[in-house]
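Input: a single structure, listed below in structure tokens.
Computed from a prediction, not measured in an experiment: that's the story for all the values here. What you see below is based on every heavy atom in this structure, not just the backbone, and it leaves out hydrogens, waters and symmetry mates.
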Amino acid sequence: MKRIAACAVVLLALGTNALTDLANPSTLKLTETSPSRFTVELTLPVIQGRVVKARPVLPDSCVVEGEAEVQGDNWKVVRTWTMTCDPDDLVGTAIGVQGLLGTSLDVQLTLETLDGRKHVGQLRPTQAYYLVPPPPTMGSLALAVGAAAARQVLRHPELAILLLLCVLFGLRLPGLLASAGVFAAALAVGQWLKAENWIGVSAFLPAVLTAAIGVAVALSIIRGQVSASHARWPTLAAFMALVGVLYGGAGLPLETVLSRREQQLAFLFSGLGTMAGLGLVILCAGQLHSLVAGCGEGARERLRLWIAYLGGVAACAVGLHQATAPFFLGGVTPTVPLATLLAAIALGAWCAAQSPPMRAILPGVAGCMLVLGGVLGVRGVSLPQTTLAVYGSLALFGILLARAVRWPGWVLVAAVAAASLYHGAHAGSLLRGGVALPVAQATATVVLLVFLFLVAYRHAGQRPSRGRTMQFLGLAIALPAVLWRLAEYREWIGKEVAVDATIGLFRLPVLTILLVLFALLVWPRRRRFQPSPRPAVAHWALLLTAVFVFPLGTWRLRNPFHTPRPPTVQEAAPIMGTLLTDTYLAFNLDDEDDAFDRLAENLSEDLIADVYLDSRRRLTAGTRKGAEVTVKDVSVMSVQEPDASDAGDGSFTYPCKWIVTARVRHWQHIHDRQNIYIGMLTIRVEDDRWKIAHLELLSEEREILSWKSS
């Protein structure tokens, strides 16, 4: 029954979302830095060398001290004032910008006070003022938030379907109410995590998971798998806690400006309203169950099966609707790597196949190391040979699912700990570079992975370890890992190996050759008094390791048959791509010494300082103060025939066009930006490496990408 839940989650639960935003430098920020003292910051763009003559309009009760401090560059101008004002005096007053009429500028207004209130508004030329609303009273807050939470529960049919099916499954009223209480508490916790920017969840994900659980319960009823041992409410409460946190990741059901204290009360009122809505659904489901129980024995069983059948169909329909909605609405982008999702399933199934006490120890080890790896990845700490460990461990656990092998306990713990650490770090690093709120997305990702692990753990515990289902699942997990690793080899051969070949060097995979030789030596041979040879486990393990470590342990040797000559256009393209990629990725390093060392590997010595300063300026041009720019990709679009006049001095000049895609993070939003360059690149061989000897830019264009194109 858990297979449907796992399949639905794997197909469309990639979706912790990351909405991107185009850069708009028109802002007005009022931030209370100390009691009754504000910093007013107005940012306006520079259009064709001119700045819009606009100024902030502040309440009469506020006193602006001194003249504005002006800063800026070729793209924007920032004016900053200091203002004295009581936050209570701002209630009911208008704040805006004068001078927008006749322009097409929209100004984003942000008003933050020390008590945690944050007003956000959009000022337009036709509506350039924002009226500060009064704070809500205790009664109005309780009524508004509680009623909105109850309505939100009733608007989720998957919750009603799940509770109805649980009633038919045999769960009693106290257990259902306890599960509803757990869900309400978890929902409040998720809303608090959302308010602290510690969790961010796709709006479709919890509905898909809830519908998947409903389908599993319906199948159990139809198959007649209902007994006292199955009707245990703690299992339902555990799943309700997980999905409750995910539902809460959408935030409060009512959009309003609240202080920190009012937010905490709103979380409590939201939980009470959710409990009231779930209680109403449970009572209605109980009444329907009572009507069915009042019928005759034959009619009662038929009605029960028909209700379970229709409930399962409805849950499946709701799950499919919520699962396919992101493809049409476009509001969700997949950020959780598929390898991490498969790893959670593989680890759950493999841990369940172990014997006690390892079966109880390994899940805790996996969870702790996954969280640790996620923290390292989000903080930007990179582990050595990440893709090798990620794909290698995924293939290993897939093969172990298909063919059971007994290992010592300490080996099991070490393997699970290392694999979980690397998968967590891999997912965290992708979230850090690809979403606006990486900590929030990572929290939601952990909840999703725990759900997948538990589904696989429970399902595999009811199956034989060497059954056909486990063998098929193991092979289905191991095969993509091998293909992903082989895809990396294609890129490595097309770049590094091809670049070395142009200067007369070739790569000898010494480590792979040694492993293949060892694999041949350990091949079990048939002996005279042995009826059948030993299993060739070590042989196949060495061969698989040789495949995965193919790029490692290689020696660069001189090709005696190589004749020096200028690289052709086809040969120069990977050279330019490798040099430019390594050069621009050096700007992602925080330590300037490390950045200069990386640049020295690809640039001539007299070119390093100029390229560093000029490229850094070009990458950050037009960004706001505090924005973080990270280079994602460098693509060489075209390389033309070299200049024949440089052929005699060992250097070669090629006209090139390349694109640098960078991710700009600001205001908890992200967008991609492309810088398109056309220039003359001069390369020559220094210390058995191609290096850029001279760089002359002829043109530069910049384009901001929306989330759809990025």
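W690 contributes atom CH2, which lies 4.5 Å from atom CD1 of I683 (distance to the nearest 0.5 angstrom). For the atom pair CG (L695) and SG (C656), the distance works out to 9.5 Å, reported to the nearest 0.5 Å. Rounding to the nearest 0.5 Å places OG of S429 at 15.0 Å from CZ of R379. Here the CD1-CE distance, from I659 to M637, works out to 4.5 Å after rounding to the nearest 0.5 Å. A distance of 10.5 Å separates CG in L486 from CZ in F550, rounded to the nearest 0.5 Å. In this structure, CG in L543 is found 9.0 Å from CG in L515, a value given to the nearest 0.5 Å.
In this structure, L209 and L205 have side chains that are in contact, with non-hydrogen atoms separated by less than 4.5 Å.
With respect to the salt-bridge test (charged N to carboxylate O, under 4.0 angstrom), the residues K691 and E601 do not qualify. Salt-bridge annotation for D582 and R598: absent, with no side-chain N of the basic residue lying under 4.0 Å from a carboxylate O of the acidic one.
When all heavy atoms are compared, the tightest approach of C351 to Y457 is C-CE1, 4.0 Å. Here the closest non-hydrogen pair linking G424 and L370 is CA-CD1, 3.6 Å. Contact detail for T502 and V499: the closest heavy-atom pair is OG1-O, 2.5 Å. Scanning both residues, I345 and A456, for their nearest heavy atoms gives O-CB, 3.4 Å. In terms of heavy atoms, S604 sits closest to A693 at OG-CA, 3.4 Å. For the pair L383 and Y422, the tightest heavy-atom approach, listed with the atom from each and the gap, is CB-CE2, 3.6 Å.
For Y654, the ring-ring contact (aromatic ring centres under 6.0 Å, His included) test picks out no residue, with sequence neighbours left out. T545 pairs by the side chain to side chain donor-acceptor pair (under 3.5 Å) definition with nothing, not counting sequence neighbours. Every residue two or more places apart in sequence or in another chain that forms a side chain to side chain donor-acceptor pair (under 3.5 Å) with D633 is listed here: S635. By the ring-ring contact (aromatic ring centres under 6.0 Å, His included) test, F548 is found to be paired with no residue, residues two or more places apart in sequence or in another chain being considered.
Counting only distance, with no hydrogens or angles, the side chain of Q354 and the backbone of W350 share a donor-acceptor pair below 3.5 Å. Of the possible polar contacts, none joining the S420 side chain to the A417 backbone as a donor-acceptor pair under 3.5 Å is found. Checked by atom type and distance alone, the side chain of T386 never pairs as donor or acceptor with a backbone atom of S382 at under 3.5 Å.
Residues in residues 367-394 take part in these ring pair (Phe, Tyr, Trp, His ring centres under 6.0 Å) pairs, two or more places apart or across chains: Y391-W484. Within the structure, salt bridge (Lys or Arg N to Asp or Glu O under 4.0 Å) contacts touching residues 476-488 (residues at least two apart or in different chains) are R485-E488.
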**OP:** Begin with the C-alpha distance, continue with both residues' side-chain angles, and end with the deciding distance and a verdict on side chain to side chain contact (heavy atoms under 4.5 Å, CB included) for L246 and L242.
**Re:** CA-CA 7 Å; L246 296 178; L242 286 175; 5.8 Å; no

**OP:** Give the C-alpha distance, both sets of side-chain angles, the deciding distance and a yes or no for side chain to side chain contact (heavy atoms under 4.5 Å, CB included) between I692 and N602.
**Re:** CA-CA 6 Å; I692 299 176; N602 303 281; 5.8 Å; no

Subject >> Audit row: H423, S393, side chain to side chain donor-acceptor pair (under 3.5 Å) steps and yes/no >> reply: CA-CA 9 Å; H423 280 281; S393 61; 3.1 Å; yes

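The aromatic rings of W492 and Y489 stand perpendicular to each other, their planes meeting at an angle above 60°, with 30° marking the opposite boundary.
With T583 as the partner, the side-chain contact (heavy atoms from CB on, under 4.5 Å) test is satisfied by one option alone out of V631, V660, L599: L599.
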